[in-house]
Enquirer: 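Have a look at the structure that comes next, please.
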Amino acid sequence: MPELPEVETIRCGLEQVLPGRVFAAVEIGYGGSIKDPAAADVMTRLPGKRVTGTGRRGKYLQIFLDDDSVLVIHLRMTGQLVFNEGAAVTDKHTHVVFSFTDGSTLAFSDIRKFGTIWWVPISRLDHIKGLATLGPEPLSADFHFSYLNREVEKRTVTIKALLLNQQFLAGLGNIYADEILHRAQILPQRKARSLSRQERQHLFSAIREVLAEAIECRGTSMSDYRDSAGALGEFQNRLQVYGRRDQDCPRCQKKISRSKVAGRGTHYCTSCQH
DNA sequence: CATTCCTCCTGAGTGC
DNA sequence: TGCACTCAGGAGGAAT
């Protein structure tokens, strides 16, 4: 599932190829992927617009256009966004294909159809609710220890639930929440406010370290994730707990546990996480 | 306001 | 082999 490192990897790939290209056509196989405006509007009005750059907030990918509008794409669980210098490689899960005037294409595919595309003026970006209410970017200076310390203190939920809350912090999903808590040696079912000051500091560092390493590895390809060139990431080879139920903990060699926490399948080591 | 539950969707896995 | 069933999960919205 694409989380911050995967979306950032895709953004980085698109930044290399999209700026300067001009949309020529939009083919829509499943209009449900386009939330706003109506799919027909995108088909008639997007052609002629030129890409000026790319951006990302949390798991929201942004493609900026020369009329001060922006395409916003959220891949949710199984979405993929693949650029091709020629015709798109499509299957029954390809829902939208953007073509550029030079014959190149950008294909949006999504098995579970949870992924969403918006096209809005930059001035109306805050009408996308999930985007408007996002917490700080974990790798930016907006995210600092005193913020985490303050937020953790006032929450009654488990620390796993808090890490998954996009309003607390932008971009974490199920995989990295588990990996971060393992690195910080904190059990996911702990109440957020029960963490000691030292645990909060370990957590703060773990968030930034795990995300930075995952970006360096170009993301985690457990199942569906591919980068903008259709290539796999590498971080699945570095996972310590996620998807490793009953295997040995790399830190202490005890068996990894899995149970449901915050409604999500959650992986942890009862021996070295406390 | 904070939190929990339900919903969207399809493919993979399980049991019979 | 086929069928019914459960599970996986991001996030919006309803319910509590």
Side-chain angles (χ1 to χ4, degrees), chain A residues 1-11 28-36 39 56-62 72-81 90-96 108-118 120 125-135 137-138 150-181 188-194 211 214 219-226 236 239 241-246 256-268:
Chain A
M1 58 219 83
E3 306 179 27
L4 187 154
E6 290 74 34
V7 180
E8 177 61 18
T9 301
I10 292 169
R11 186 206 64 76
I28 299 174
Y30 173 68
S33 296
I34 300 182
K35 179 95 180 262
D36 181 49
R56 179 193 58 75
R57 265 291 275 144
K59 304 173 202 170
Y60 292 81
L61 179 70
Q62 302 163 326
V72 178
I73 299 158
H74 196 307
L75 300 171
R76 309 279 186 204
M77 311 290 304
T78 55
Q80 298 181 351
L81 202 56
T90 64
D91 63 18
K92 64 174 176 173
H93 302 301
T94 306
H95 306 313
V96 182
F108 171 77
S109 304
D110 186 10
I111 291 174
R112 288 183 207 170
K113 297 183 173 172
F114 286 3
T116 307
I117 298 173
W118 300 261
V120 298
L125 264 182
D126 61 352
H127 288 211
I128 300 173
K129 201 173 163 207
L131 184 56
T133 58
L134 280 179
E137 277 297 315
R150 190 180 344 120
E151 289 296 313
V152 155
E153 186 62 41
K154 66 186 193 195
R155 304 302 188 116
T156 62
V157 293
T158 61
I159 189 61
K160 165 101 181 203
L162 185 59
L163 291 181
L164 292 176
N165 183 342
Q166 303 299 298
Q167 294 167 45
F168 161 66
L169 191 62
L172 296 184
N174 206 34
I175 295 176
Y176 295 111
D178 284 3
E179 292 299 309
I180 286 164
L181 288 171
Q189 44 280 87
R190 290 272 301 283
K191 294 289 187 184
R193 59 179 310 172
S194 79
L211 291 177
T220 302
S221 291
M222 287 291 283
S223 50
D224 302 289
Y225 167 68
R226 299 291 183 275
Q236 63 275 15
L239 294 175
V241 286
Y242 186 86
R244 301 190 65 247
R245 167 163 44 179
D246 294 335
I256 304 288
S257 302
R258 183 185 189 279
S259 69
K260 199 156 265 207
V261 180
R264 298 284 177 266
T266 301
H267 312 72
Y268 52 94

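Note on naming: letters A, B, ... go to the chains in the order of the sequence lines (proteins, then strands), and numbering restarts at 1 for each one.
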Enquirer: Take the protein atom CG of A:L162 and the nucleotide atom P of B:dA2, then report the distance between them rounded to whole Å.
Expert: 12 Å
Enquirer: Would you say A:Q236 and A:Y225 make side-chain contact, with heavy atoms under 4.5 Å?
Expert: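 No. Closest side-chain heavy atoms not under 4.5 Å.
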Enquirer: Determine: side-chain N/O of A:K59 to OP1/OP2 of C:dA11, distance under 4.0 Å, yes or no.
Expert: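 Yes, such a contact exists.
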Enquirer: Without decimals, in angstroms, what is the distance between A:Y225 OH and C:dG10 P?
Expert: 16 Å
Enquirer: Just to be sure I understand the rule, does A:M1 reach a base, reach only the sugar-phosphate, or reach nothing, if contact means heavy atoms closer than 4.0 Å?
Expert: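 Sugar-phosphate, backbone atoms only, no base.
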Enquirer: If we ignore hydrogens and angles and just use 3.5 Å, is the side chain of A:E179 paired with the main-chain N or O of A:A177 as donor and acceptor?
Expert: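 No.
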Enquirer: Would you indicate, yes or no, if B:dG11 has its OP1 or OP2 atom less than 4.0 angstrom from a side-chain nitrogen or oxygen of A:H93?
Expert: yes
Enquirer: Answer with base, sugar-phosphate or nothing: what part of the nucleic acid does A:K154 contact at a heavy-atom distance below 4.0 Å?
Expert: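 Since no nucleic acid heavy atom lies under 4.0 Å of A:K154, the category is nothing.
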Enquirer: Send over the distance from A:D91 CG to B:dT10 P, rounded to a whole Å.
Expert: 13 Å
Enquirer: Strictly below 4.0 Å: does A:Y242 bring a side-chain N or O up to OP1 or OP2 of C:dG9?
Expert: yes
Enquirer: Nearest whole angstrom, please: distance from the P of C:dA11 to the CD of A:E3.
Expert: 9 Å
Enquirer: Nearest whole angstrom, please: distance from the P of C:dA8 to the CG of A:N174.
Expert: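 That distance rounds to 10 Å.
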Enquirer: Among C:dA11, B:dG11, C:dA8, which is the nearest nucleotide to the side chain of A:R258?
Expert: C:dA8
Enquirer: Side-chain N or O of A:K35 less than 4.0 angstrom from OP1 or OP2 on B:dC8?
Expert: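 Checking B:dC8 against A:K35, no side-chain N or O comes under 4.0 Å of OP1 or OP2.
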Enquirer: Would you say a side-chain N or O of A:Q166 is under 4.0 Å from OP1 or OP2 of C:dG10?
Expert: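 No, A:Q166 has no side-chain N/O under 4.0 Å of OP1/OP2 on C:dG10.
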Enquirer: Quick one: sort the A:H74 and A:Y60 rings into parallel, tilted or perpendicular, breaks at 30° and 60°.
Expert: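 The rings of A:H74 and A:Y60 stand perpendicular, inter-plane angle above 60°.
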Enquirer: Counting only side-chain heavy atoms from C-beta out, which of B:dG11, B:dT4, C:dA8 sits nearest to A:R112?
Expert: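 In terms of side-chain proximity for A:R112, the closest of B:dG11, B:dT4, C:dA8 is C:dA8.
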Enquirer: Mind calculating the distance between CD (A:Q167) and C1' (C:dA11) to the nearest angstrom?
Expert: 10 Å
Enquirer: For A:R76 and C:dG12, what is the distance between atoms CZ and P respectively, to the nearest whole Å?
Expert: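 Taking atom P of C:dG12 as the reference, CZ of A:R76 is at 6 Å.
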Enquirer: Check for me: is A:F114 stacked on C:dG10 by the 5.5 Å centroid and 30° plane-angle rule?
Expert: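 Taking the rule of under 5.5 Å and under 30°, the ring of A:F114 does stack on C:dG10.
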Enquirer: Counting only N and O atoms by type, is there a donor-acceptor contact under 3.5 Å from the side chain of A:E8 to the main-chain atoms of A:R56?
Expert: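 No, A:E8 side chain to A:R56 backbone: no donor-acceptor pair under 3.5 Å.
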Enquirer: Check the phosphate of C:dG10 against A:R264, side-chain N and O only, distance under 4.0 Å to OP1 or OP2. Yes or no?
Expert: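 Checking A:R264 against C:dG10: at least one side-chain N or O falls below 4.0 Å of OP1 or OP2.
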Enquirer: Any luck finding a side-chain donor-acceptor pair between A:H95 and A:D110 under 3.5 Å?
Expert: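 Their side chains do not contain a donor-acceptor pair, so the 3.5 Å distance test is not met.
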Enquirer: Round to the nearest Å and state the distance from A:F168 atom CZ to C:dG10 atom P.
Expert: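 To the nearest whole Å, that distance equals 16 Å.
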